[in-house]
Structure formats: structure tokens, C-alpha cells
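Scroll down for the structure; my scribbles are underneath it.
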Amino acid sequence: MGIWRPEGHGRFGNKRFRLLPSERPLSWLSHSMRLWSRYFIPTLKESPSDAEIASHRLLIRSGLVRKLAGGLYTYLPLGLRVMQKISRICREEMERSGAIELSMPHIHPAEFWAEGPRWGPVREIMFRADSAGEGRRGPREPEFVLGPTHEEVITPLVKAEITSYRDLPKTFFQIGTKFRNEIRPRFGLMRAREFSMMDAYSFDADDGGATRSYLAMKAAYEAFFRRVGAQAIAVEADTGVMGGSFSHEFMVPAEVGDNDLLYNEESGYAANREKARSALVPEGLADAAPEGPPEEFPTPGAVTIAALEAAPYGVPADRQFKTLLYVGDGKPFAVVLRGSDELEEAKLGSLGFALLRPATPQEIEPIMGAKPGSLGTVRGTIRNLPALSGIYADHAIRLVGNGTTGANRDGFHLRNVNVARDLELTRFGDFRRVREGEPDPVAGRPLRLRRGIEVGHIFKLGTKYSERIDAGYTDDKKERHLFIMGCYGIGISRTLQAVIEQSHDADGIIWPWAIAPFQVLVCLLDPQAADAAEIAGRLAAAAERAGADVLLDDRNERPGVKFKDADLLGIPLRITVGGRGIKEGVVEMRWRGAAETLKIPLDESEARVEAAVRERA
RNA sequence: CGGGGUGUAGCUUAGCCUGGUAGAGCGCCUGGUUUGGGACCAGGAGGUCGCAGGUUCGAAUCCUGUCGCCCCGACCA
């Protein structure tokens, strides 16, 4: 026959029939090249109603994933290809940094966690991995859990296997599936219950080494995100339940992110909002001189900052003191802020409490002498001062100088309250939430606030885990020391979606070259025409020779359908071969996201395609 | 965990308020006409209306419970 009919139609006498794939004559088709008609790319015109954000919709519409249940997704062939590419780049950068790959079990004996330092908080998000039967095999308590991360597994391993300073430092990593029973899975792969993660763990002999390991990871992360085409910002972050001494989060700026980051590009300062500082309060700001003695005045019914701002009181919020009561490890304490500021609860972590919660009105009244809304910390007004374990003031109240605060008597406030003279304070600290536009703490430039998706996180852990199970080594003086650890994670599947969120338009995804499921799409508009098919096949082969992953759209669809699908999939380079172009003696080349279509003379086409690919790869 | 919403064909959905044999578009199958930005005509398959109970002569529709899914919130006085 000699005529390739890509969609696989043949004719027998007067009757059309469909050829089986194996019967199609495709001598030029290489093993790795994909024909759309034989592959599996279930695209959708409409998106399922449960997809809310752009990246989630595109993930489904372009046939990358399908949902099994809330937070659980199947990677379809195209999605898997992207995952594999991201994973490979991640692996390359980790290995380049000196980290060593291994693979730990996903199922962990529960006692490894029960003995660890964070069984309490982490337990709630862990899946148990019991037998699904009637419990005939053992006790009700979980014997096994599905691993949400691996600190608790690797630390005992390293404790057993590494005993000498000669074997340090070491950084291990793995890329695999993690299981977390999220309170609220959402946005597709963004917060899933089963997801792919690269996790790494460093073990060092001393603090300086641990910092070097940390910085090596930071560099590897930066290289990784650059290579996959994600614009990620490293921000100073809170260490949260992980514990440890310092940490950076890698954030992809996006409106749908669930973190806030404050940064200034010129000064280079960037921090998670929980951690962000600003230079709003000048260093060494002198306390304001008193303006007069404190004076009580009636404020019936005024129990909010806003109510005191309004007539008849007219006290601006930034001239008020706001007093909040919390309970830390069972003991109440107070925090004093400017009326115009918000408490950043995470910053209370610096006070060192393990458990922290706002005090209830029932707890507050007996201590302060008034209900919330009339509280203050002016000396002599607190009914039961010894009940407070401390009174912590945000630096910014110094800007108030002389202000108004609650009198600890319902319906009354005090004015002319001077910070230094009148307030009962244990110490100052940074407790307020930083706002956009405030000067950054490095160069005093205005901070910009953006939402961000957390795609990576690095922690310098210190000895939190090694101490717990006494994991350490012997140095050259025969003395034993604990490992100084670090731990590091990259959300592989989350990065995939973050890239889509960052790189799409109204028509579909715009993949970065490095992680595109295919890099070149040869769009054959007239698959029945032997000459067009021949040309398409040659161009596909040329692109593949140049190093691209090639998908050939040989479907017997109308051109409109093919173009719409091409835009939706977002394959970077599209080469269109159609009867109209062939009559003119050209094929068309178009970069996804670019406005113009390049017409290429047929006789140059193979060379031009090869050159375009080589230039990008 | 609290609040709100929602569940009807593979996907998007109408019908529900005001009970009376379940409708459309996309997709799919067959035939034909088409063929450069999601074609057209004709024919066809596909739904125990999430599940369970109740009210009723009669329930997708009303009531109760339950499950799934989606969204918001998780204490800032």
C-alpha cells in the first residue's frame, strides 16, 4: 500500500474500515514518538464544577489528572510525564549538591512516631495503615501509619549506621509519595492527601557544617525552581511544628496561594507574613514625654477600637493601646499592641510556649477586672496582676507615646497613658503583623505583599530529632555529640500545579520547555493526504533528532478542534502541516503564547525545526 | 471542627419554590455532507434523579437522617 493513513482509515472496495494500530505503515515512527490517536489525552471542553481555580481546571481539562476522591488524583499519561520531568530535574540538582538518594518505606510502624518529638500535633494528619478487616489481626490502636514525612524514620537509620565524625556530613534525599490527611484538601494537587514530594535530611557534626549543608540545599532549590520554570522566591519563614532554628520557604507568587509574603526586590528582603519584620519603628526610638496625668473617662458601650475612633471619642486607632489576653501552657499573659495593629499570632512562638490559645472572656474578667473591650495594662488597674505570667508589648506602641487604653473597668478608658511612665510591661518584642508598604528591615524600602504558593521549605533543625533518640557520633577526641540536622522538602506535584497557575492564558497552559509533557506538537491537519503525512512525519523525526519529545496530532479531527486542544495542552512549539500551507510550499511554526506564526519554506523546514529545538533545549 | 452551598447520563446543566411518566447542550455510536480556530443533517445508545427512611393515591420535587463533593472560617475583643 505505501500510503500512510495516520488516523487509520482504509478502504476495502466500497467500504471504509479502520486499521488496527499495528497494521499502520509508519516506517519513520520511532519508538519514543507519540501519535495522538494512539495515545491517551482525554481533553475536556468544559471543566468539572468542582474545579475552582485556573490551574485546577486546566489540570483536568487538559487531561493531566483525574480525581479519584477528595485530594486523591490519578496522573494520566500526560500528567505523569510532567511529574517525571520535574522529578528528574529535582534529582539532578540534589545530586549536584552532593545529596545521596535513597528510598524509605511509605508505611511506618507507629511507634517510630510515638517516640518522636511531635506525635501529638502530627498524629491528626496521619493515615493509619491497619488491616481493613474486623480487627482480628491485632489491637485497635494503629500499628502502622502512612508516612507524612520521614524524619522519624531516617534519624534512627542514621543513628544506627553512622557513628563516626569521619562519615559526616551526609545529606540523604528521596522522591516519593507522602500521605497527609489534610483537614481540607483543596485546589486539586495544591493541597492533596496523597502527593509527591522530594524530602531531604542533612546530618552534620557541628553547627557550621549544618549551616553549610543548609545553604547547599538552598542553592540546589534555587537551581531547581529556575530550571523547572517556576519563579519562586525564598522567604524567611516560621519553623512551626518542625521546630529548629531557622528556615526558608520557597514561594511561587500567585493570587490563589494560601500564604502571604512580604518582600522588596531591590533590597532582597523577603519573608513569610508570620515572620515578616519591618523598620516601621526606628531603632532606639526615644519614649515620648508625658503630656499629662492619666485620666479616666466614661465610654459606655465602646468596646472596640473602631468605637473609640468614632464620635464622640475621636481617638485614632494608632493612638490607642490594644490589650489581648492569651493562655500559654496554662498560664495567662497579656500582649499590648497599637490599636491600629494586628497581632501576628505565630510571633508569640518566640515566648516559648508549647500550647497557646486566646483566653476566654470568663478567664479574662477575674484577672483584669473588666470584660474584653475595656482592658489595659496601666499600673495599678489590673485586678490580679500576679495571675499574669507576663505582659509583652510590641515595639510599635512606642510610636503611640501617649495614648488611650482600657481602664480595666467596664465602660471606662484612660487617656494620656504614657508607655514608659504608666504601662505595666515585662518586655518589648515583635508581635505585630507587618503591612504592605512599610519599610523593609534591610534597606528601608517599601514592602510588597503578595499571596504565594509554598512549593518548598528548608529547615535548619538543630538537634530536635537527634536528641530525642540520642542519635550522634564520636569525634576525634572520642567524645560523643548529637547530629546537627536539617530537613528539606519540595512539593513535586504542587510545583506542577504552581507552574500552571503561574503560566497559562485564557486558552490553556503555557508549559516551560523543561517540563512540558511534550515539547513539540506536530499538528497534521490533513491526515488523509499522503504528502502532508509524509512531511509531518519527517518534521516530527527532525524535532526528535534534535532532542525534543514529540507528539504528532494525527487525529482525523477538524482543524479547529486540533488547534483548541493544542492551545489547551500548552506544548511549547507547534508545527502545523496542512494542505493550505503545502500548496504555498510552507509549514507553520508557532511558539505557544507567541502572537505570530512563522511560515517556513518546505525545503528548509527540517533544518529550521531542528535549529529551533536545539536553541531551546 | 463550625458555617454555607451542592449532588439529576462520561462532562456542563434545566426541572425542585407551586408533587402528576426526567429535558437540553457537549461527548459517544451509525449513515451522509463537510474540512485552517471547538462543523452540519438524520438516526441511536446512555439516568433506580447520591443513599436510607418518612409524608402522599402519586416524590427528582416536601420532611428527617446519612454519605460524598465544593466554598468560607477556625477565635485578633
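All heavy atoms count here, side chains included; hydrogens, waters and symmetry mates do not.
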Just checking A:Ile364: base, sugar-phosphate only, or nothing, at a heavy-atom cut-off of under 4.0 Å? base
Output the single nucleotide from B:C76, B:G38, B:G36 whose closest atom is nearest the side chain of A:Lys564. B:G38
Atom NZ of A:Lys562 and atom P of B:A39 are separated, to the nearest Å, by 13 Å
Checking only heavy atoms, does the side chain of A:Arg186 share a donor-acceptor pair with the base of B:G73 at less than 3.5 Å? no
Quick one: look up who B:G7 pairs with, Watson-Crick or G-U, both distances under 3.5 Å, and put none if it's unpaired. B:C67
Which heavy atom in A:Gly376 sits nearest to a heavy atom in A:Thr323, and how many Å separate them? CA-OG1, 3.5 Å
Taking B:U13 as the reference, what is the distance to B:U18 when you measure between their P atoms (whole Å, please)? 25 Å
When only distance counts, do a donor and an acceptor, one from the side chain of A:Asp565 and one from the base of B:G38, lie under 3.5 Å apart? yes
Value in whole Å for how far the C1' atom of B:C72 lies from CZ of A:Phe187: 10 Å
Run the numbers on A:Glu52 and A:Arg186 for salt bridge (charged side-chain N to carboxylate O under 4.0 Å, His left out), then give the verdict. CA-CA 9 Å; A:Glu52 193 81 357; A:Arg186 60 182 126 176; over 6 Å; no
Taking 4.0 Å as the cut-off, does a side-chain nitrogen or oxygen of A:Thr360 come that near to OP1 or OP2 on B:C75? no
Starting at the 5' end of RNA chain B and moving along, which residue's nearest nucleotide shows up first, A:Glu52 or A:Gly339? A:Glu52
At under 4.0 Å between heavy atoms, what does A:Arg191 touch on the DNA or RNA strands: base, sugar-phosphate, or nothing? nothing
Across all strands, who's sitting opposite B:G38 as a Watson-Crick or G-U wobble pair, both distances under 3.5 Å? none
Looking only at side-chain N and O atoms, does A:Lys322 come under 4.0 Å of OP1 or OP2 in B:A77? yes
A:Met126 versus A:Phe179: any side-chain heavy-atom pair under 4.5 Å? no
In this structure, how many angstroms lie between the P atom of B:C71 and the CG atom of A:Asp258, rounded? 12 Å
Take A:Arg592 and A:Asp505 through the salt bridge (charged side-chain N to carboxylate O under 4.0 Å, His left out) test and state the conclusion after the steps. CA-CA 10 Å; A:Arg592 177 70 176 88; A:Asp505 62 17; 2.8 Å; yes
What's the closest nucleotide to the side chain of A:Arg580 if the choices are B:G36, B:C75, B:U34? B:G36
Base, sugar-phosphate or nothing for A:Ala566? Non-hydrogen atoms, less than 4.0 Å. nothing
Between B:C63 and B:U55, how far is it from one P atom to the other, in whole Å? 15 Å
What interatomic distance, in whole Å, is found between C1' of B:G20 and the corresponding atom of B:G53? 23 Å
Measure from CG on A:Leu44 to C1' on B:C28 and round the result to the nearest Å. 14 Å
Base-pairing mate for B:C16 - Watson-Crick or G-U, with both contacts under 3.5 Å: none
I want to check one thing: is the phosphate of B:C28, taken as OP1 and OP2, less than 4.0 Å away from some side-chain N or O of A:Lys45? no
Distance between the P atoms of B:G25 and B:C41, in whole angstroms? 10 Å
For B:C62, the nucleotide meeting Watson-Crick or G-U wobble distances (both under 3.5 Å) is B:G54
At under 4.0 Å between heavy atoms, what does A:Val303 touch on the DNA or RNA strands: base, sugar-phosphate, or nothing? sugar-phosphate
Looking at B:A77, I'd like to know if its phosphate oxygens (OP1 or OP2) sit under 4.0 Å from a side-chain N or O belonging to A:Thr304. no
Pick the P atom in B:G65 and in B:G4, then give their distance to the nearest Å. 13 Å
Which nucleotide sits closest to the side chain of A:Arg574: B:C70, B:G37, B:U35? B:G37
Both conditions, 6.0 Å and 45 degrees, for the charged tip of A:Arg398 above the ring of A:Phe428: are they met here? yes
Provide, to the nearest angstrom, the distance between the NE2 atom belonging to A:His56 and the P atom belonging to B:C69. 13 Å
Residue A:Ser49, side-chain atoms from C-beta onward, closest of B:U35, B:U12, B:C75: B:U12
When the distance from CZ of A:Arg193 to P of B:G68 is rounded to whole Å, what number comes out? 9 Å
Base, sugar-phosphate alone, or nothing: which one does A:Gly578 contact when heavy atoms must sit under 4.0 Å apart? base
Test for a donor-acceptor pair under 3.5 Å between the base of B:G38 and the side chain of A:Arg61, counting only N and O atoms. yes
For nucleotides B:C57 and B:U21, find the distance between their C1' atoms and express it as a whole number of Å. 15 Å
What's the shortest heavy-atom distance between A:Arg590 and A:Glu596, and which atoms? CG-O, 3.8 Å
Testing B:A77, B:G36, B:C11 for proximity to the side chain of A:Pro372, the answer is B:A77
Could you tell me whether A:Ser47 contacts a base, only the sugar-phosphate backbone, or nothing, with contacts defined as non-hydrogen atoms closer than 4.0 Å? sugar-phosphate
Which of these nucleotides, B:G36, B:C69, B:A77, is closest to any side-chain atom of A:Thr576? B:G36
B:C16 and B:G54, which share atom name P, separated by this distance in whole Å: 26 Å
A:Arg184, nearest nucleotide to its side chain (from B:U34, B:C71, B:A77): B:C71
P gap between B:A9 and B:A60, integer Å: 14 Å
Comparing nearest nucleotides in RNA chain B, the 5'-proximal residue of the pair A:Ala51, A:Asp341 is A:Ala51
Can you name the closest pair of heavy atoms from A:Ser37 and A:Asp554 and give their distance? OG-OD2, 2.6 Å
When you compare the side chain of A:Lys178 with that of A:Glu194, does any pair of heavy atoms fall below 4.5 Å? no
If pairing requires Watson-Crick or G-U wobble contacts with both distances under 3.5 Å, which nucleotide is the partner of B:G73? B:C1
Tell me: NZ of A:Lys67 to C1' of B:C11, nearest whole Å? 13 Å
Does A:Glu588 get its side chain close enough to the base of B:G36, under 3.5 Å, for a donor-acceptor pair? yes
Could you check whether A:Arg57 gets within reach of a base, just the sugar-phosphate, or nothing at all, counting any heavy atom under 4.0 Å? nothing
Atom CZ of A:Arg338 to atom P of B:C76: distance rounded to whole Å? 20 Å
Quick one, A:Phe297 with A:Phe412, criterion ring-ring contact (aromatic ring centres under 6.0 Å, His included). Give me CA distance, side-chain angles, the key distance, then yes/no. CA-CA 6 Å; A:Phe297 63 106; A:Phe412 290 89; 8.8 Å; no
